[in-house]
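Heads up: the structure comes next, in structure tokens.
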Amino acid sequence: MQTNRPTALIAMSGGVDSSVAAWLMQQAGYDCVGATMKLFDHQDSCACSTTADIQDARVICARLGIPHYTFDFADTFAEQVVKRFVTTYAQGATPNPCIDCNRFLKFGLFIRRAREMGFDCVATGHYARVEFDNPSGRYLLRTAVDANKDQSYVLYGLTQEQLAYVRFPLGSLAKEQVRATASQLGFHIAQKEESQDICFIPAGDHASFIRQWMAEHAEDLKIEPGLIIDAEGKKLGAHDGIINFTIGQRKGIGIAAAAPLYVKEIVATSNTVIVAPRAELGATIAVLEDANLISGACFEQLQPSDDVFTQQETIGHTKPLRVFARHRYRCTPRSAQLEQLGPTTLKVTYDEPVSDLARGQALVCYDSLDNAIVLAGGTIMQTT
């Protein structure tokens with residue numbers, strides 16, 4: 001874009017949040033352009049960026065007097081989000097497709113496209129805040145003012161380069177304020193409902209989706225039946241695929257027992273689901289891989305004389321850090337201890353057992369409960 005003012009490409013979903021974000025960027029002095037990501041080949045079977053959503057985004061852009069584009073990212077979405085979702089479930093783990101979408105699409109391809117088009121920044125309707133910390137010389141990711149809408153959990157993977165380039169104009173607003181602003185501006189989507197499901201599975205039946213996807217795209221992948229057993233190995237029943245289960249699950253197990261049973265463990269190699277009463281559930285340790293230490297040097301490196309690492313390389317070995325850890329998008333962060341085992345490997349030890357720590361899910365650590373800074377996050381690979 002040729003302009004004397006700063007320019008911003010706005011990720012427009014067709015919803016109220018991104019629409020108000022676009023208006024706020026205009027008010028901040030940016031020349032804006034809206035763009036919507038087309039993520040699914042069969043667009044109207046997806047709950048995100050449907051044909052209607054794209055049209056809503058166009059209408060808002062026209063009202064704001066800015067251009068609108070549609071970026072076809074369906075191939076990348078299918079490979080990096082949908083395929084990952086299916087294969088992770090098939091391996092007995094629990095994926096988080098929203099994090100993959102942010103990583104590969106919204107803050108991957110979308111930012112790359114924005115840079116190629118010459119924009120100074122990208123803005124989205126996420127509820128989170130970015131600030132620059134002068135002492136460390138780094139950009140920090142903070143939780144949103146509206147704790148009920150905070151989306152920092154799904155943004156933990158942002159790099160310093162990405163944090164410097166993105167804008168989150170809704171981070172200091174409550175959802176009610178955003179809707180009120182949209183109403184005042186006469187936006188027809190002011191009261192538009194938000195999708196609560198995984199966007200490419202609007203009906204919420206992920207098992208049926210996985211089976212259909214495998215039949216169409218990966219005939220070599222099979223969902224095999226297996227056994228449901230207790231912690232001692234006693235057979236309690238059978239199941240038709242581990243894709244139907246996640247750690248901590250109670251409903252849908254299909255086993256009659258004197259006390260409610262919950263999924264304690266999923267063993268993909270034997271297609272076995274282990275169940276137990278709630279009192280027997282719980283893990284206190286989670287090992288994270290592919291971790292991002294988003295706040296930078298938040299660990300104090302051990303010196304060779306400090307402890308048992310005397311005869312080992314000290315790089316990656318650190319003194320524990322007290323944190324508040326969140327293992328699900330909407331759960332309350334819990335007190336824990338964070339250690340760095342390697343450049344991208346972290347260990348989180350909770351003060352008390354957690355009943356639903358699941359492999360494949362993201363775990364994100366904060367420095368506090370209020371006005372918190374995201375310290376680090378990663379994918380749960382092992383729990384004990």
Side-chain angles (χ1 to χ4, degrees), residues 8-13 15-25 27-28 30 32 35 37 48 96-108 110-111 114 120-133 136 138-179 181-182 194-196 199 291-296 298 323-333 361-379:
L9 184 65
I10 317 297
M12 303 283 287
S13 68
V16 62
D17 293 331
S18 59
S19 299
V20 173
W23 179 78
L24 289 171
M25 291 299 287
Q27 299 305 298
Y30 287 84
C32 299
M37 298 186 299
C48 180
N96 194 314
C98 292
I99 290 176
D100 286 336
C101 187
N102 280 330
R103 177 180 180 182
F104 295 105
L105 280 298
K106 189 162 288 185
F107 299 100
F110 194 89
I111 283 183
D120 295 314
C121 67
V122 156
T124 77
H126 284 95
Y127 286 82
R129 292 174 291 167
V130 177
E131 64 181 42
F132 186 74
D133 180 57
S136 66
R138 294 179 65 86
Y139 289 90
L140 302 179
L141 177 67
R142 282 192 180 274
T143 54
V145 167
D146 188 341
N148 292 323
K149 293 299 297 179
D150 173 58
Q151 292 173 293
S152 59
Y153 174 83
V154 297
L155 300 172
Y156 80 85
L158 291 176
T159 66
Q160 284 296 297
E161 182 181 11
Q162 291 166 336
L163 288 169
Y165 194 67
V166 300
R167 306 290 184 271
F168 299 135
L170 306 187
S172 298
L173 300 176
K175 181 72 176 192
E176 292 76 13
Q177 293 175 287
V178 173
R179 287 202 183 277
T181 298
E194 300 174 339
S195 173
Q196 301 298 318
C199 71
N292 181 33
L293 278 65
I294 189 170
S295 68
C298 56
V323 299
F324 292 90
R326 171 179 280 160
H327 66 288
R328 301 270 179 168
Y329 179 32
R330 291 300 183 192
C331 78
T332 300
Q361 279 283 36
L363 192 153
V364 180
C365 297
Y366 300 81
D367 70 330
S368 62
L369 289 176
D370 300 314
N371 191 31
I373 296 172
V374 178
L375 299 175
T379 302

Checklist entry - Can you check whether Ala11's main-chain N or O pairs, donor with acceptor, with Thr124's side chain at less than 3.5 Å? => result no

Next on the checklist: Please determine whether side chain to side chain contact (heavy atoms under 4.5 Å, CB included) holds for the pair Thr181 and Leu24, giving the CA-CA distance in whole Å, both sets of side-chain angles, and the decisive distance to 0.1 Å.
Outcome noted: CA-CA 10 Å; Thr181 298; Leu24 289 171; 5.7 Å; no

Item to check | Mutual orientation of the aromatic rings belonging to His126 and Phe168 [parallel < 30°, tilted 30-60°, perpendicular > 60°] | outcome: perpendicular

Item to check | Side-chain touch Tyr366/Ser152, heavy atoms, less than 4.5 angstrom | outcome: yes

Next on the checklist: Keeping Asn292 on the side-chain end and Thr159 on the backbone end, is there a donor-acceptor pair under 3.5 Å?
Outcome noted: no

Item to check | Trp23 side, atom CH2; Ser18 side, atom OG - distance, nearest 0.5 Å | outcome: 15.0 Å

Next on the checklist: Please find the pair of heavy atoms, one from Val154 and one from Cys98, that lie closest to each other, and give the distance.
Outcome noted: CG1-CB, 4.5 Å

Next on the checklist: Counting C-beta onward and ignoring hydrogens, is there a side-chain heavy-atom pair between Val20 and Gln177 closer than 4.5 Å?
Outcome noted: no

Checklist entry - Which heavy atom in Ile99 sits nearest to a heavy atom in Tyr156, and how many Å separate them? => result CD1-CE2, 3.9 Å

Next on the checklist: Rounded at 0.5 Å granularity, tell me how far CZ in Arg142 sits from OG in Ser368.
Outcome noted: 7.5 Å

Item to check | Flag if over 12 foreign heavy atoms under 6.0 Å of CD, Glu161 | outcome: no

Checklist entry - Can you name the nearest heavy-atom pair linking Pro333 to Phe324, along with the distance? => result CB-CB, 3.8 Å

Checklist entry - Does the side chain of Asp146 come within less than 4.5 Å of Val178's, by heavy atoms? => result no

Next on the checklist: Could you report the tightest heavy-atom contact between Ala21 and Gly125, atom names first, then the distance?
Outcome noted: CB-CA, 4.2 Å

Next on the checklist: Within the 4.5 Å heavy-atom criterion, are Asp133 and Ile373 side-chain neighbours or not?
Outcome noted: no

Next on the checklist: Checking salt bridge (charged side-chain N to carboxylate O under 4.0 Å, His left out) between Asp150 and each of Arg129, Arg326, Arg330, which is the one that passes?
Outcome noted: Arg326

Checklist outcome for this item: Taken to the nearest 0.5 Å, the spacing of Leu293 CG from Leu375 CG works out to 8.5 Å

Checklist outcome for this item: Tested for side-chain contact (heavy atoms from CB on, under 4.5 Å) against Val374, the lone hit among Leu158, Leu140, Val364 is Val364

Item to check | Exercise: identify the closest heavy-atom pair between Lys175 and Val16 | outcome: NZ-CG1, 3.6 Å

Item to check | Heavy-atom side-chain contact between Cys121 and Met25 under 4.5 Å | outcome: yes

Item to check | Distance (rounded to the nearest 0.5 Å) between Ser295 OG and Leu163 CG | outcome: 11.0 Å

Next on the checklist: Just so I know, are the side chains of His327 and Gln361 near enough to count as touching, which here means a heavy-atom distance under 4.5 Å?
Outcome noted: no

Checklist entry - At their closest point, which heavy atom of Leu363 faces which heavy atom of Ala325, and how far apart are they? => result CD2-CB, 3.8 Å

Checklist entry - Under 3.5 Å, is there a donor-acceptor pair linking the side chains of Tyr127 and Asp17? => result yes

Checklist entry - Just wondering, do Asn102 and Leu155 contact through their side chains at under 4.5 Å, heavy atoms? => result yes

Checklist entry - Distance from Asn96 atom CG to Tyr329 atom OH, nearest 0.5 Å? => result 10.0 Å

Checklist entry - Rounded to the nearest 0.5 Å, what separation is found between the CD atom of Glu131 and the CG atom of Leu141? => result 9.5 Å

Item to check | Donor-acceptor contact below 3.5 Å, side chain Tyr153 vs main chain Ala362 | outcome: yes

Item to check | Student check: side-chain heavy atoms of Gln162 and Val122 closer than 4.5 Å | outcome: no

